[in-house]
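Lettering follows sequence order; numbering is per chain, from 1. Keep in mind that the numbers below use all heavy atoms, side chains included, and drop hydrogens, waters and symmetry copies.
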Protein chains: 2
Amino acid sequence: MNHKVSIKDIAKIANVSIATVSNVINGTGRVSAETASKVNKVIRELQFVPSASARSLKDKNSHLIAVVVPFVEKGILQDNPFYWELVRGVENGARFHEVQVILLGIDEHEDFSFVKGRHLDGLIVVGVYEDSAAYAKILSLGVPCVFLDSYLSDPKLYQVDLDDEAGGYLGTKHLIGLGHRAIAVLTGKVEQGGVNDHRHQGYLRALQESGIPSLPELIFEVDSSAQGGYQAAQRISGCRQKISAVFAFSDISAMGLIRGLYDIGLRVPDDISVVGFDDIFYTQHMIPSLTTIRQDIVSKGQTAVNMLLDQINGTESPRRKVTIPVSLVVRQSTIPNKKI
Amino acid sequence: MNHKVSIKDIAKIANVSIATVSNVINGTGRVSAETASKVNKVIRELQFVPSASARSLKDKNSHLIAVVVPFVEKGILQDNPFYWELVRGVENGARFHEVQVILLGIDEHEDFSFVKGRHLDGLIVVGVYEDSAAYAKILSLGVPCVFLDSYLSDPKLYQVDLDDEAGGYLGTKHLIGLGHRAIAVLTGKVEQGGVNDHRHQGYLRALQESGIPSLPELIFEVDSSAQGGYQAAQRISGCRQKISAVFAFSDISAMGLIRGLYDIGLRVPDDISVVGFDDIFYTQHMIPSLTTIRQDIVSKGQTAVNMLLDQINGTESPRRKVTIPVSLVVRQSTIPNKKI
DNA sequence: CTGAAAGCGCTTACAG
DNA sequence: CTGAAAGCGCTTACAG
């Protein structure tokens with residue numbers, strides 16, 4: 001289209017130097033009100049927008065951050081809608097600060113060269129493990145980061161986590177309160193000290209508190225996916241222990257589980273009670289609606305952005321680690337244990 | 001951290017000029033194999049990554065595209081997981097071409113200055129209407145665009161749409177085949193010539209083909225959301241016509257509807273059959289699982305990226321308009337009309 | 001209060 | 001095959 005207008009064009013038309021135009025734009029230096037308004041007028045007329053590339057070439061910051069999420073398989077992002085919620089939160093928080101968000105899936109071969117290449121101001125990293133290659137590479141980048149759901153041990157790191165232990169505890173406690181004793185858990189992949197491990201710890205604490213022994217055969221380490229939950233149904237119904245309740249560590253696996261149980265003739269909640277985790281938006285529309293542990297995913301994303309920007313701007317907030325609270329939402333998928 | 005290494009550092013160490021380094025990096029000009037390998041070695045050693053800002057300052061293209069999606073309310077993205085699927089497709093397609101993706105929610109006040117500011121190479125725009133302010137502004141930008149689900153009349157525009165009319169036809173035909181005659185539709189917001197209008201046209205065609213009169217009282221223009229579907233349940237059960245089947249133009253509203261019907265004592269499919277639209281991943285895990293019109297959302301995103309990049313690179317493909325096919329997936333939510 | 005000039009890290013004709 | 005130089009659009013000391 002129309003040959004891109006630059007600061008030079010503005011300067012020429014406004015009859016000032018480019019330095020002055022720059023000063024007007026950035027509110028730096030001292031400019032007379034008169035000159036400023038003259039320049040601003042021209043800027044408006046020509047719809048001038050400063051070049052981000054030129055700026056970041058000098059400045060050394062790009063007002064660009066990336067949300068880094070792991071791929072499931074090569075090249076394709078996780079299909080858990082959880083990520084969408086998170087990204088919505090990040091977009092929302094970033095927008096408020098005039099920063100733009102690049103979305104980025106990574107696998108173990110990612111070399112993160114784009115971080116340098118694009119002069120990214122910072123990274124929001126979701127779910128990396130301490131011993132992963134990605135983690136090491138990210139740290140070596142020396143760029144501001146906020147880690148989500150990662151439970152990293154280094155206290156210097158900025159992290160946003162959920163109170164997973166409390167979630168595990170609350171869900172289990174709820175079931176115990178309903179008279180259930182043989183409570184199975186669908187943990188998803190358990191990494192030492194990771195999200196699911198913490199939820200599991202909460203489960204154990206609740207059990208212990210009520211003097212219920214924890215049985216290893218009640219732990220099902222199946223995939224955190226609908227398929228994973230679906231497949232678990234078989235194993236649960238075939239279990240020696242007559243399981244009366246299941247706590248799935250993700251709504252998505254709870255959904256698969258319920259469907260799986262249904263297909264082998266078991267009804268929720270009549271035959272088995274089920275508790276999920278996350279409170280993904282559609283849990284309330286399921287039949288039966290799902291009792292679950294609620295977390296505010298959008299606010300998690302917003303919190304992460306804010307921490308990242310504080311870090312970038314040197315407004316070092318004292319809080320390096322934020323824990324988002326959870327709560328229990330009781331719906332229809334859990335009822336008192338009838339065999340009591 | 002370590003003072004950013006530039007092309008100059010490489011040149012100095014490799015004992016060549018910066019022009020040569022540039023040529024090696026880009027495979028341009030003529031460079032002896034010897035020199036090239038020497039330069040490459042230094043690049044590798046210093047882990048040099050060229051600056052995207054500096055490049056785009058010269059080049060005039062940034063290898064950055066944006067996915068533009070409308071906000072529901074101010075500042076927050078739609079919560080329909082449909083968008084996540086789409087974004088996954090775009091990320092995947094873009095990755096393959098070494099382009100990065102900015103995610104951007106817009107409302108009617110968006111001025112799109114970031115497009116100029118960031119020198120974006122192109123835009124993938126989801127669901128804008130011909131008479132919207134956003135549409136006019138986007139066109140005036142003069143930047144390559146691909147419009148998704150927008151049904152714009154200008155034949156010059158690059159567009160990816162779904163075969164919505166066929167979808168509307170297939171779903172309705174399926175219900176008619178099962179003996180249903182009083183078939184209600186939950187349309188979502190109908191814009192003249194838009195997505196839902198096309199689906200509605202398909203519905204009308206199927207009806208007409210079977211000699212079934214179309215009754216205006218069977219058209220429910222409720223929100224394409226779980227809430228919208230939920231609220232429609234009341235009106236549907238209270239309708240004069242004894243409705244035996246409902247075709248919801250989104251899975252998300254079908255889900256809300258089924259739940260709403262359930263809450264007032266109506267069972268799907270026994271009392272009412274329901275067909276959805278989209279085949280969002282969890283439809284197969286619902287109880288009953290949902291009969292729906294399937295579209296491949298991920299491939300829609302991929303197609304859009306490819307068209308956009310062809311356009312950017314001047315590899316003008318002859319196809320300006322691509323229509324993604326739909327198919328019917330029969331599951332448990334539809335059964336023969338018993339009152340026949 | 002305002003302007004001339006250097007420089008950010010590249011690419012691209014143009015010489016040689 | 002290789003290099004010196006200009007220039008992309010800004011910002012930032014530094015003069016005046």
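Which of C:dT12, C:dG3, D:dT11 sits closest to the side chain of B:A19 comes down to C:dT12.
Atom CG of A:D9 is separated from atom CD1 of A:I43 by 11.5 Å, given to the nearest 0.5 angstrom.
By the 30° and 60° cut-offs, the orientation of the rings of A:W84 relative to B:W84 is tilted.
Rounding to whole angstrom units, CD of residue B:E34 and P of D:dT2 are separated by 8 Å. Between A:K8 atom NZ and C:dG3 atom P the separation is 16 Å, expressed in whole Å. Between the P atom of D:dC10 and the CZ atom of B:R118 lies a distance of 14 Å, rounded to the nearest Å. A:D9 places its CG atom 13 Å from the C1' atom of D:dC10, with the value rounded to the nearest Å. Going from atom CG of A:L57 over to atom P of C:dT11 covers 12 Å, rounded to whole Å. When rounded to the nearest whole Å, the span between NZ of A:K12 and C1' of D:dG9 equals 14 Å. The nearest whole Å value for the distance from the CG atom in A:N61 to the C1' atom in C:dG9 is 16 Å. For the pair A:N15 CG and C:dT2 C1', the computed distance is 13 Å after rounding to whole Å.
Side-chain polar atoms of A:R320 and A:Q159 form no donor-acceptor pair below 3.5 angstrom. Side-chain N/O atoms of B:S56 and A:S53 include a donor and acceptor closer than 3.5 Å. In the model, A:E108 has no side-chain atom that pairs as donor or acceptor with a side-chain atom of A:S132 under 3.5 Å. If you check the side chains of B:T28 and B:N23, you find a donor sitting under 3.5 Å from an acceptor.
Remark: B:T20 is in phosphate contact with D:dG3, judged by side-chain N or O atoms under 4.0 Å from OP1 or OP2. Between A:S32 and the phosphate of C:dT2, there is a side-chain N or O to OP1/OP2 separation shorter than 4.0 Å. For D:dG9, the OP1/OP2 oxygens have no side-chain nitrogen or oxygen of A:S51 closer than 4.0 Å. Taking only side-chain nitrogens and oxygens, B:N26 comes nearer than 4.0 Å to OP1 or OP2 of C:dT11. Distances shown here put a side-chain N or O of A:R55 below 4.0 Å from the OP1 or OP2 atom of D:dT11. Within the 4.0 Å cut-off from OP1 or OP2 of C:dT11, at least one side-chain nitrogen or oxygen of B:S22 is found.
For B:I7 and A:T35, each mapped to the nucleotide of DNA chain C holding its nearest heavy atom, the one lying further toward the 5' end belongs to A:T35. Each of A:A54 and B:S17 lies near DNA chain D, and the nucleotide nearest B:S17 is the one positioned closer to the 5' end.
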Task: Evaluation steps, salt bridge (charged side-chain N to carboxylate O under 4.0 Å, His left out), between B:E34 and B:K38 - done: CA-CA 6 Å; B:E34 204 180 351; B:K38 185 174 56 177; over 6 Å; no

Open item on the list: Let's test your reading of the pairing rules: Watson-Crick or G-U wobble, both distances under 3.5 Å, then write DNA chain D as a dot-bracket string with ( ), [ ], | and dots.
Closed with: |||.||||||||.|||

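Looking at heavy atoms from C-beta onward, B:I324 lies in side-chain contact with B:S299 at the 4.5 angstrom threshold.
Residue B:I18 is classed as a base contact, given a heavy-atom separation below 4.0 Å to a base.
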